[in-house]
Amino acid sequence: MHKIFAAFLFLSYISISNSANILAIYTLASPSIRLWNTPLLTALATRGHNVTVISPEAQKNRVANLTDLPVDGLYEAIGGDMDFDVLHEATMFFWIKEMFAFFRKGCLFTLKSDSFKRLMEYPTDFKFDLVLMEPIGVECMFGILPRFGNPPIVTVASFPAPQWVLESTGTPSNPSYVPYSFSPYDDDMKFMERVYNFIAYIYTQYLYKYDYLPKMDREARNVFGPEIASVESTAQNVSFALTNHHPTLDTPFASAPNLIPIAAIQVKDPKPLPTDLQKFLDDATEGAIYMSFGTNVRSDKLSLAKRKAILEAFAELPQRVLWKFESDLPDAPKNVKISKWLPQNDVLAHPNLKVFITHAGLHSTHETIIRGVPIVGVPFVIDQHMNIRKMQKLGRGLLLEYKDLTKDTLLHTLREIIGNPSYRENIMKLSARFQDNPTSPLESAVFWTEYALRHKGAQHLQSAARNLNFIQYFLLDVIAFLLAVPISFVLAIYILCCRRKSTQKGKDKLN
Ligand SMILES: *[C@@H]1O[C@H](CO)[C@@H](O)[C@H](O)[C@H]1NC(C)=O
Ligand SMILES: *[C@@H]1O[C@H](CO)[C@@H](O)[C@H](O)[C@H]1NC(C)=O
Ligand SMILES: *[C@@H]1O[C@H](CO)[C@@H](O)[C@H](O)[C@H]1NC(C)=O
């Protein structure tokens, strides 16, 4: 907790802006998103701002000054069940397409919800001073902005910033060296990887600009009328983009001043564990293993063969195992304890913990880095492949593909990490530099959000790059012009000379 108090102490030195009305919108059907955004929303409410939140669920710990408008049924309607054997086979292109469909469904579901109606019933003179939102899946609602006084927009991305977020701040996202955010690459790309990276980049750009945004634009105009600003222009009019990246872990790239990294904002100082968990881990004299595939991937949906392989491997180990497993597991060996929910942040902090078996989601990866626990990553979707490859490359964990997961491979991987101290040493080094920041991520997020309030959207930090089209941005028009001048000059001379020569020749012939 002391970190959060320190944050408030620090922030109280900065002139506190007057209490503002803030609207926060989240439409993505993933429980981890609201969880990740909670510290910022709570901090803003505690600092006296009047925060209204539209999201799939209400905050568990109620706080004063925060009004939740939960959109019931969104997770069930859009989350859906995923088949692991299909998931791990899917290509990056399949995911890009699915992703945009997923964003669109979340937006439309929220737009038609009762909570959205309640928002529209706010008094007509009620104005918002700022809007916080995910940088995707909200565009169909942009038409509400004029109704609430065209407040500045701060986007908060719970995932690694995709190219349209970078571009909304004028940050270059050159695919020659910036790996596509949902690719498995790092910045050391081989030729064919760069080819693939470029194609993924172009494909995403195409889907976003020519398929996704026009569809959202039509939806928004249907609801709010034809006169609203185009959703594309609003999506580009962003005061700050707070994103879940960190320069020590992600590819270094040139960044605009209004792109603010706030990775690991969700991580709190560890609290004491519930008594049964504390005892289970304290008594693990040979060490303990923690396994969880996060909030979206349910362990009880693994195929029976995989489950059997995992349990047989665990039975042969001297370590104790804590497994986030969502239903009963009668055939679990004695050293395995299961639970539907586990306080991950506090479990990872236990000194007996040797290794974390994870889907390598971004939030879990950041949490394990801070606690210095090496990982075995079994990635399923989107950025998870990239996260575990980064960890493996620098010796902080090992990749185990789901299709390769057998009793023997799991045993081998776990024994390697537990037996070889270099994994722990490497992740401790990363942990130290990951936490070596001038301000905590929460302090940064609060500071820049209030900065946007104090300076009415801070238009002075918006890069002019946002207003250029592709041809202007890459100076193709200027290059064409500069080439055109000497070329026409040469051409003119050529034509003149040839003409003269040919007329000369003609004259010679006549003579
Ligand atoms: C709610 O906001 C008011 C100012 O608008 C502030 O004085 C109060 O401390 C806030 N309440 C809490 C519990 O943070
Ligand atoms: C805070 O916002 C709510 C709507 O979310 C409104 O009903 C309430 O009057 C506001 N409170 C203050 C102190 O402005
Ligand atoms: C851009 O956002 C500002 C608030 O930050 C708003 O005043 C302005 O009208 C917006 N401009 C456009 C073109 O949407």
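When a ligand or atom number is given, it counts from 1 through the structure's own listing order.
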Q) What about T52: any of its N or O atoms under 3.5 Å from an N or O on ligand 2? A) yes
Q. At a 4.0 Å threshold, what atoms of ligand 1 neighbour a non-hydrogen atom of A45?
A. 14 (O)
**Q.** Under 4.0 Å to a heavy atom of T46 - the qualifying atoms of ligand 1, by number
**A.** 14 (O)
Show which atoms of ligand 2 fall inside a sub-4.0 Å distance from at least one heavy-atom site of [X].
X: T67; answer: 5 (O)
X: Y122; answer: 4 (C), 5 (O)
X: N50; answer: 1 (C), 2 (O), 3 (C), 8 (C), 10 (C), 11 (N), 12 (C), 14 (O)

Verify whether one side chain among [X] and [Y] offers a donor that lies under 3.5 Å from an acceptor in the other.
X: Q163; Y: Y208; value: no
X: Q459; Y: S239; value: no
X: Y210; Y: Q205; value: no
X: Q278; Y: D282; value: yes

Q.
Whether R221 engages the ring of F142 as a cation-pi pair (distance to the six-membered ring centre under 6.0 angstrom, angle to the ring normal within 45°) should be assessed.
A. no
Could you go through ligand 3 and list every pair where one of its N or O atoms sits under 3.5 Å from a protein N or O, giving the atom names and the distance to one decimal?
unit_1   : atom_1 : unit_2 : atom_2 : d
ligand 3 : 2 (O)  : N237   : OD1    : 3.3
ligand 3 : 2 (O)  : N237   : ND2    : 2.4
ligand 3 : 5 (O)  : Q459   : NE2    : 2.9
ligand 3 : 11 (N) : N237   : ND2    : 2.8
ligand 3 : 14 (O) : N237   : ND2    : 3.1

Q. Sub-3.5 Å donor-acceptor pair from the side chain of D217 to the main-chain atoms of S230, do we have one?
A. no
Q: Determine, stepwise, if the pair F380 / F293 fulfils ring-ring contact (aromatic ring centres under 6.0 Å, His included).
A: CA-CA 9 Å; F380 294 97; F293 288 148; 5.4 Å; yes
Q: Using the side-chain hydrogen bond (donor to acceptor under 3.5 Å, both in side chains) rule, pick out the option among K429, Q435, R433 that qualifies with S431.
A: Q435
Q: Report yes if some N/O of G48 lies less than 3.5 Å from some N/O of ligand 1; otherwise report no.
A: yes
Q) If you round to the nearest 0.5 Å, how far is OH of Y177 from CG of N197? A) 12.0 Å
